[in-house]
Structure formats: C-alpha cells, structure tokens
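Below is one structure, written out as structure tokens; comments come after it.
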Amino acid sequence: DDDNDGVLDIDECLSDSIFVQAAANSSGVTDVANVLGAPNATYADWYSNGNTSDLNFGQVFPSGTQVTFAWRKRNEAGTAQPTIIQSENGTTFQSADSITPITTTSITRVFSSFLSSRSFQFLRISKNTPPSGTDFEIDAVFVRAATTCDSDGDGILNQFDLDSDN
C-alpha cells in the first residue's frame with residue numbers, strides 16, 4: 001500500500017490475465033491444445049515420464065512475473081510436480097533454469113501460482129521422475145500482466161495517489 005490509503009497496490013487497478021497462445025514441440029502429451037486459453041475444465045495430459053510441451057505466451061515477461069496453473073493430478077496416489085523450464089526465445093531451455101515450484105495432491109482442479117525466476121515467453125512443462133512420478137493434467141496456464149492506472153487522470157498512478165478520488 002504505497003500511498004497508505006488502505007487499498008493494497010495489487011488492488012488499486014485490475015490486472016489482465018494473459019493465457020498461453022500456442023503449444024509446440026510436444027512429446028507424449030495428449031490433447032495439448034486443451035491448455036490454450038482460459039480455464040474451461042478440459043485438460044492436456046502428462047501421463048508418462050518424459051512427456052513434454054513448450055507453451056508460448058506470445059510476449060516476454062520479466063523475472064518475478066506471477067504464473068498460475070489451473071491443473072490437477074490424475075486419480076492415483078502421490079503428489080504431482082511438473083518440471084518447468086523458462087525461456088525467452090523458445091529455442092534455448094537451460095537445465096539450470098529448471099524449477100519445480102508447484103505441487104498438488106488434488107484430483108479436482110486447483111490454481112497454483114509461482115513467481116518466475118527469470119524473464120520468459122515460453123515455459124517447457126515436463127513430467128519427470130524425480131521430482132514426481134505422479135501423472136498430472138493442465139487445464140490452463142496464465143500470467144497476471146501488470147497494469148498501470150490513473151483513475152482520476154491527475155497524472156499520478158493510483159498506487160501512489162494520495163487523494164481519495166482514485
């Protein structure tokens with residue numbers, strides 16, 4: 001709350017969700033097109049070790065961007081944990097950039113978020129053992145794009161505006 005008005009900066013202005021635009025280089029992932037667009041309860045399936053797909057957001061986002069998965073594990077024992085590698089260009093995916101920031105034990109859809117550790121446009125999503133042999137399904141992946149607002153048009157962004165008309 002940078003302007004001490006009691007409204008959190010994140011709530012000072014609505015942000016837009018940007019969804020995966022395309023999937024490429026899929027190997028073993030079934031129904032991969034189901035991961036495109038907004039959550040709609042249709043899933044792409046990562047059911048075998050080594051399954052992978054590259055998801056393209058259509059633009060580069062900076063490090064620290066919130067990424068959210070709408071997903072679930074398959075109806076089996078265990079904890080699902082995808083391996084995620086971030087890339088700016090869709091060609092260079094460094095194993096050093098591999099992260100495993102989210103897990104689920106739920107067979108019903110959950111929303112899990114993490115902050116990107118580097119700038120990216122592409123996410124390579126894989127199922128590997130380790131970290132987890134549990135199959136998973138992804139409905140959608142999206143980011144919350146930062147939006148700047150000046151509701152009262154006084155030239156001061158809402159999160160810094162001290163007057164009460166924003």
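With sequence neighbours excluded, the residues satisfying side chain to side chain donor-acceptor pair (under 3.5 Å) with Thr129 are Asn49. The side chain to side chain donor-acceptor pair (under 3.5 Å) test applied to Thr105 returns no partner, not counting sequence neighbours.
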Query raised in the report: Given the rule in the side chain to side chain contact (heavy atoms under 4.5 Å, CB included) test, do Phe122 and Ile85 qualify, once you have shown the distances and angles that lead to the verdict?
Result: CA-CA 8 Å; Phe122 299 84; Ile85 303 176; over 6 Å; no

Requested in this report: Dump the intermediate steps for side chain to side chain contact (heavy atoms under 4.5 Å, CB included) on Val141 and Val35, then the final yes or no.
Outcome: CA-CA 7 Å; Val141 182; Val35 78; 4.1 Å; yes

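The CG atom of Leu36 sits 10.0 Å away from the CG atom of Asn56 when rounded to the nearest 0.5 Å. For the atom pair CZ of Arg144 and OG of Ser113, the computed distance is 9.0 Å after rounding to the nearest 0.5 Å. Thr68 contributes atom OG1, which lies 9.0 Å from atom CD1 of Ile102 (distance to the nearest 0.5 angstrom). Taken from CG in Asp54 to CG in Leu123, the straight-line distance is 9.0 Å, to the nearest 0.5 Å. With values rounded to the nearest 0.5 angstrom, Gln21 atom CD is found 9.5 Å from Gln121 atom CD.
When the shell of 6.0 Å around CG of Asn89 is examined, it contains more than 12 heavy atoms from other residues, nucleotides or ligands.
Side-chain contact check for Gln81 and Thr103: no donor-acceptor pair (N or O, by modelled atom type) lies under 3.5 Å. If you check the side chains of Thr108 and Ser106, you find a donor sitting under 3.5 Å from an acceptor. Judged by distance alone, the side chains of Trp71 and Ser112 do bring a donor and an acceptor atom under 3.5 Å apart.
Note: Phe120 and Phe61 have tilted aromatic rings, judged against thresholds of 30 and 60 degrees for the angle between ring planes. Taking the six-membered ring where the residue is Trp, Trp46 and Phe136 present parallel rings, their angle staying beneath 30° rather than reaching 60°.
Considering every non-hydrogen atom in both Thr52 and Arg124, the closest pair reads OG1-CG, 3.3 Å. Smallest separation of non-hydrogen atoms from Asn128 and Ser126: ND2-CB, 3.4 Å. What you find for Ser117 and Ile99 is that their closest heavy atoms are OG-CG2, 4.0 Å.
We find that Lys127 and Asp135 are joined by a salt bridge, their nearest charged nitrogen and carboxylate oxygen being less than 4.0 Å apart.
When the side chains of ILVMFWY residues are joined at heavy-atom separations under 4.5 Å, either directly or via intervening members, Ile18 and Phe142 end up in two distinct hydrophobic clusters. Under the 4.5 Å side-chain heavy-atom criterion for grouping Ile, Leu, Val, Met, Phe, Trp and Tyr, Val20 is connected to Phe114 within one hydrophobic cluster.
Formation of a donor-acceptor pair under 3.5 Å by the Arg118 side chain with backbone atoms of Gln86 is found in this model. Under a 3.5 Å cut-off, the side chain of Asp31 and the backbone N or O of Asn34 do not form any donor-acceptor pair.
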